[in-house]
Structures are given as C-alpha cells and as structure tokens.
2 protein chains.
Amino acid sequence: MLDPVARVRRFNRAVTSAVGALDTSFLGRGRPLGAARVLNAIGHGRSDVAEIRDYLGLDSGLMSRLLRSLEDEGLIETAAREDDARRRMAKLTRAGRREFAAYEALSNAQADGILAQHSQAEVLLAAMDLVASALTRERVALDEMDPRSEQARYCLGEYYAELGRRFKHGFDVSLSRDPDANDMRRPRGSFIVAISDTLPIGCVGLKGTDHGYAEIKRLWVAPGARGLRLGRRLMDAAESTARELGITLLRLDTNSALPEAGQLYRSTGWREIPRFNDDPYPDLFFEKRL
Amino acid sequence: MLDPVARVRRFNRAVTSAVGALDTSFLGRGRPLGAARVLNAIGHGRSDVAEIRDYLGLDSGLMSRLLRSLEDEGLIETAAREDDARRRMAKLTRAGRREFAAYEALSNAQADGILAQHSQAEVLLAAMDLVASALTRERVALDEMDPRSEQARYCLGEYYAELGRRFKHGFDVSLSRDPDANDMRRPRGSFIVAISDTLPIGCVGLKGTDHGYAEIKRLWVAPGARGLRLGRRLMDAAESTARELGITLLRLDTNSALPEAGQLYRSTGWREIPRFNDDPYPDLFFEKRL
DNA sequence: CATGATATCTGACTTTAGTCAGAGATCGTG
DNA sequence: CACGATCTCTGACTAAAGTCAGATATCATG
C-alpha cells in the first residue's frame, strides 16, 4: 500500500487525467491540438519556425501545414527572416492574439481551479514546484547572467530570506559584505542562475577580488529543488568559469547553521582554512586550489 | 515570477512531458496506445467490457475493434457474462499476462527512474501524494468497510503513528480505550475509509455504545490530503450513517494538541461538554444531537 | 411472448498525426 | 559564381483515433 513505485504511479494517473482534461478544454475551441500547440508556442514568444518545430518535436512537413492552417484562419502571419531568407518567422495577428488569450484563459482557469479547491494553496504550490523540479532535473539550464538582472535579484532575495529564517538572530543584508555587482561580472567574476523552465531555482556568484583569489558567494538552491544535486552542479559551473578567467585560487565563507553547504564543500575538494575576512555572519572558511 | 498560476502551469508542462515519455516507451512495444491502454486496464483487473470502455472514454465501436485486435494477437480472451449474455468479459491469456507484465515493467522503471535521481525520495513522494490527492479530490470515494480490513488497518496505523508524533509524551494504543471492532460494524456502528485511486487517505469510525449515544472515533486524514476538506466529508458521511442507524446523539473526545480537529468540530455544530470517559489521552469532549 | 431497452459488433466513413521524398529558394565558402 | 548545405514547402502516402448508423443478440417487463 505504501510501495514508493505505486505512489509514483498513482501520481502519474492523477496528472495524466488532469492533463487530458486540459487538452479536452483546448479542443473545445474547435482546432486540433497540434495547431493549438503551435499557436500557443508563438503566443509565448517563440517566433522562429525551426525553433518551434524543434520545441514541439514536429516533422517539417507537418509544421508547414500547421502554419498554413493557422494562416488560413488569419491567426498568424509568417515572413522570411531578414538575416536569412531561408528561415521564417511567425507572429500573431490581432485575431491570433485574441485566440491565444482564450487559450491562456483556459490554462489559467484550470490552474486556478486546482488551487481554489485547496485550503492551503501555498503547501500545494510548494509540492508542485518540488515535483516539477524533480521531473525536469536534466533540463535545468545554468545561465550566466548579470547579477542585477530580474532573475538574479529574485534568487538573491530568496537567499537572504532563507538566511533570515535559518540564522538564530536573523540576517541583515546591510551588515554583510554585499559584493559589488561589478565584481560578479566578467572579466572579474560571474553570476550563474539555474533556470528550470523559466523559473529560477538556484544561483551562485563568482566574485573577483584584488587579493590573488576569487570568492564563491550566494550559493542558493530553491527549497523545491533540493535533493537534485543542483548545488554541486552550480559549484562545478562556477569553478569552470573561474578556470576560464584564469583564476587559480578560490575561497568562500559560510555558516555552520547551513550544514548541507559545509558538507557539499568538504566533499568536493575544499579544505577548511582560518577566517580570512571580518564579515560578522560566517564562521566557517574554505579554500580550493584549481 | 512567483505567480501561483504560473507555478501550476510550470508543473503542468513538467508532468506533460514526463507522461509523454512514458507513452513513447509504451509505443516501443509495437502496439498502438489505444490497444495498450485496454490491455493494461484488463491487466489491472477490469474485466467488464462496458466498464473498461467507460473508464477509458472509448466509443463502443472503437472498443470492439481494440478488443478484436488484442484477441487476434492472442493476448486476451472474451466471453459473454454468465448473468447477462449481452455483456462481455475480457481476461488475459498467458501471453497477455506476459505482455502486461512488460508494460508494468516499463511503468515501474519510469517511476523508479524519477525516484532514483532524487536524493530525498521520501520528500518527493510526499509531494507527489499531496499533488495527486489535490488533483483527484472530486474522485475520492468514501467506502464503508470492515475496521479489520487491510485498508482500515493501514489508516489506523498511520493515525496512531501521528498521535505518537504529536502528543508531547507519545501515544500508547494499549493505554487508550481501543474500540472493539464489532462496535464499528453495522448495525452497531460503521467504519468509513476515504480511498483516492486505491490509496487510503483518511478514515473515521462510528462506534456504537450501550449508553444512548454513539461515538465518533479515529478521524484521520493523510498529511498529503489535508486542505481538501476531507475531514468534513468524512464527518458528514459518519453522521449520515448514524442517522441511518437511528442514532440521535453523537459524542467524541479529542486532544487540544490537535487544534485543527477541534476547529472542525466547533464549526460543524458540535458543542463542548464535560469529560464523559476516563481515557487518559483526550482533554476535550464534544456532543452533537442529530 | 411481444416489446422496448441494452450491449456489442460491423461497415463505412472523417479527422488528426505523422512520414518520406523531392522541389525550390537561399546561404556560406572556396 | 559554382557547389554543397540548409530551410521550408508540397505531394503522396500510412497509421491511429474517433464517429455514426444500423444489425444482431439478449434482457427485463408487462
């Protein structure tokens, strides 16, 4: 009754029928699912025909016909790309935007419906985040981006909030040595965000200094993405970026209130060293030679 | 970035692709999905053709042809039902059982694969249980069953384990007034189990006494099924069974360490009364006149 | 035992999805 | 500017899924 595999399969059955219900509601708009999917891909900002085909896994002949049918309905327009006339771009017409909005409304209504039946929506959402991260584990992209970008700032905000929860006396950003964003941009450093299907679920900063080493800062993994060894992947990415930048020595500080972090560092070749700064929060210091 | 609806939709995308991958692996056995689904429904114990058709949502013509193709492959046998020769029963042949086992192996491997990538499988499973319960909320069946049945005993075991966790000094079944199973069978009482797709996710007992009232005992909702107002549904079912049995007064005891239970009782017409038994665990007592 | 209801089956369709080969336009490169 | 590579499109298919109108057999009921 409690076999793990049976529980996963019960989950599969539950979501299969939920997904099927959404597909059925899509069919209610009188268009085959294939055409609806292409329309939605375009509505969500994909315009390059080859990219859509790849994303949806369609044959080029089939894709071409689906585009034609959407064009005949007056929902999209296609044009050759300016930089390469072999490739085509597709975009929604006014009618297409209306139709796309109708599909969006169906999707949103379904999502809303699931949430509305639940008196603890945040618990349900956290569980969904966790499952979604687990299922898309191998599709998590590690993207280098500006530490001031929206997604980076979101990660940092979550990171600070978590420190506030886990440190006995809270955490005040202004007391910490908040690294200058410029130190986490090439060529001095870098900032890497893990993105799972548009949602940022982790980050790490590589901060350049003038003291002959660089620092690893702001390693964070979203609660729903823990257990997927994402921290290790982020650290690997930061280290290889450091090597690219010609950095040979890395340091970092952390706090014993975050035991999983310390364990990660110890198991990946970092060795503990004496305090090397006067930041009030950390009480553990590590170094790794590349 | 944190819009609840967007999070649900990210979840939808993640599971859609996981489900698609399983379908693809099913196709690898060289049989269309429709036929595979029918074979699997039969393998999982559904034998009545009309029931399978209903479960899979198939047209009777299509169903007939799928059955024929499975028969031609030698995987199933069909026969008219003995009690009604218009209806047909289908069952697997030896070869059908082999083929069904192969599909089962694929499903199990997929489930195993998901779990294996996760270093905290129990956390992931708990999240899956919660999501599955939320998605199948309206398909939860409340079944009256014997309190000694396997599913009832599972619920009771989970109930006792939870009391052990939540009571400051633990919980010892032998110290509590463990109701005689016979008091929770008709006509003296009843035992109701909430089943979500084969998994028991809640229970409640109606225990007959010789003192002019019946007691509500053992109300439990699985952690993953909380927030769905299942406790209320179970209580409603217990009350209407009580009415059927001609019971006019209900009592129950509970503990202030279970605040959600007390809140449920207060909000559904129960009023607090003085202690009416000498069980060491409860410290709150309620009564409701039907 | 006639009659209407029910369950399954068959034949004759349509729609959707997907495959494949080749045509035509365009691109990058030597 | 010739040539191979790339991208899209068209025509000609097949397979799968689904629909619908009877035909046939059986059942429950008066």
Side-chain angles (χ1 to χ4, degrees), chain A residues 16 19-42 46-73 75-91, chain B residues 16-17 19-42 46-73 76-91:
Chain A
T16 300
V19 165
L22 184 58
D23 281 353
T24 305
S25 82
F26 269 31
L27 283 176
R29 295 208 61 77
R31 197 169 291 106
L33 277 179
R37 272 194 264 270
V38 172
L39 181 71
N40 283 300
I42 298 169
R46 290 173 206 270
S47 54
D48 188 296
V49 166
E51 186 202 333
I52 297 170
R53 208 174 55 207
D54 195 50
Y55 170 66
L56 297 174
L58 298 174
D59 172 86
S60 72
L62 182 51
M63 179 69 185
S64 181
R65 265 177 273 267
L66 291 172
L67 285 174
R68 229 49 348 101
S69 81
L70 290 171
E71 248 173 357
D72 292 349
E73 281 194 88
L75 302 178
I76 64 168
E77 283 168 347
T78 62
R81 254 169 65 157
E82 293 187 2
D83 60 331
D84 182 344
R86 291 170 305 181
R87 310 189 124 215
R88 311 216 96 204
M89 307 285 283
K91 63 174 191 185
Chain B
T16 300
S17 81
V19 166
L22 185 58
D23 282 353
T24 305
S25 81
F26 270 29
L27 283 176
R29 296 207 61 78
R31 197 171 290 106
L33 276 180
R37 275 195 263 269
V38 171
L39 182 71
N40 282 300
I42 298 170
R46 292 174 205 270
S47 55
D48 189 296
V49 166
E51 184 201 334
I52 297 169
R53 208 175 54 207
D54 194 51
Y55 170 66
L56 296 175
L58 298 174
D59 173 86
S60 72
L62 183 51
M63 179 70 186
S64 181
R65 264 177 274 268
L66 291 173
L67 285 174
R68 227 52 348 101
S69 83
L70 290 170
E71 249 174 356
D72 292 348
E73 280 194 90
I76 64 167
E77 283 168 349
T78 62
R81 253 170 65 159
E82 292 186 4
D83 60 332
D84 183 344
R86 289 170 305 182
R87 311 188 124 216
R88 312 215 95 206
M89 307 285 282
K91 64 174 192 183

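Reminder, nothing fancy here: chain letters follow the sequence lines and each chain counts from 1. Model, not experiment: these values are computed from the prediction. Excluded from the calculations below are hydrogen atoms, water molecules and symmetry mates; all remaining heavy atoms, backbone and side chain alike, are included.
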Task: Contact pattern, 5' to 3', of nucleotides 19-30 of chain D - B, S or - by protein heavy atom under 4.0 Å - done: BB-----BS---
Task: Spacing between B/Asp54 atom CG and C/dA7 atom C1', to the nearest angstrom - done: 13 Å
Task: Residue met sooner reading DNA chain C from 5', once A/Leu66 and B/Met63 are mapped to nucleotides - done: B/Met63
- [ ] Specify the separation, in whole Å, of atom CD1 of A/Ile76 and atom P of D/dT8.
- [x] 13 Å
Open item on the list: In this structure, how many angstroms lie between the P atom of C/dT10 and the CG atom of B/Leu67, rounded?
Closed with: 11 Å
TODO: Enumerate the residues from residues 27-35 of chain B whose closest heavy atom to DNA chain D is under 4.0 Å, giving them by residue number; use none for an empty result.
DONE: B/Pro32, B/Leu33, B/Gly34
Task: d(CZ, B/Arg87; C1', C/dA5) in whole Å - done: 13 Å
Task: Test salt bridge (charged side-chain N to carboxylate O under 4.0 Å, His left out) applied to B/Arg87 - qualifying residues, sequence neighbours left out - done: B/Asp48
Could you tabulate the donor-acceptor pairs under 3.5 Å formed by side-chain atoms of residues 21-29 of chain B, not counting sequence neighbours?
residue : atom : partner : partner atom : Å
B/Thr24 : OG1  : B/Gly20 : O            : 2.9
B/Ser25 : OG   : B/Leu22 : O            : 2.8
B/Arg29 : NE   : B/Glu99 : OE2          : 2.6
B/Arg29 : NH2  : B/Glu99 : OE1          : 3.2
B/Arg29 : NH2  : B/Glu99 : OE2          : 3.3

- [ ] Any pair with a residue in residues 62-73 of chain A that passes salt bridge (Lys or Arg N to Asp or Glu O under 4.0 Å), sequence neighbours left out, goes on the list, sorted by first then second residue, please.
- [x] A/Arg31-A/Glu73, A/Arg68-A/Glu71
Open item on the list: Tell me which pairs pass salt bridge (Lys or Arg N to Asp or Glu O under 4.0 Å) where either residue lies in residues 50-59 of chain A, with sequence neighbours left out.
Closed with: A/Arg46-A/Glu51
Task: Pairwise distance CE(A/Met89) to CD1(A/Ile52) - rounded to 0.5 angstrom - done: 9.0 Å
Open item on the list: Can you tell me how far apart OG (A/Ser47) and CZ (A/Arg81) are? Round to the nearest 0.5 Å.
Closed with: 8.0 Å
Open item on the list: Measure CG/B/Asp48 against C1'/C/dA7 and give the value in whole Å, please.
Closed with: 10 Å
Task: Spacing of B/Asp72 atom CG relative to C/dC9 atom C1', expressed in whole Å - done: 14 Å
TODO: Report the nucleotide, chosen from C/dT10, D/dC9, D/dC7, that has the shortest atom-to-atom distance to any side-chain atom of B/Arg68.
DONE: C/dT10
Task: Whole angstrom value for the distance that separates C1' of C/dT16 from CG of A/Leu56 - done: 15 Å
Open item on the list: Distance check, rounded to the nearest 0.5 Å: A/Arg86 atom CZ versus A/Asp83 atom CG?
Closed with: 10.0 Å
TODO: Measure the distance from CE on B/Met89 to C1' on C/dT8 and round it to the nearest whole Å.
DONE: 15 Å
Task: From CD1 (A/Ile42) to CD1 (A/Ile76), nearest 0.5 Å - done: 4.5 Å
Task: A/Leu58 or B/Ala50, whichever maps to the more 5' nucleotide of DNA chain C - done: B/Ala50
- [ ] Let me know which of B/Leu58, B/Leu33, B/Leu62 forms a side-chain contact (heavy atoms from CB on, under 4.5 Å) with B/Val38.
- [x] B/Leu58
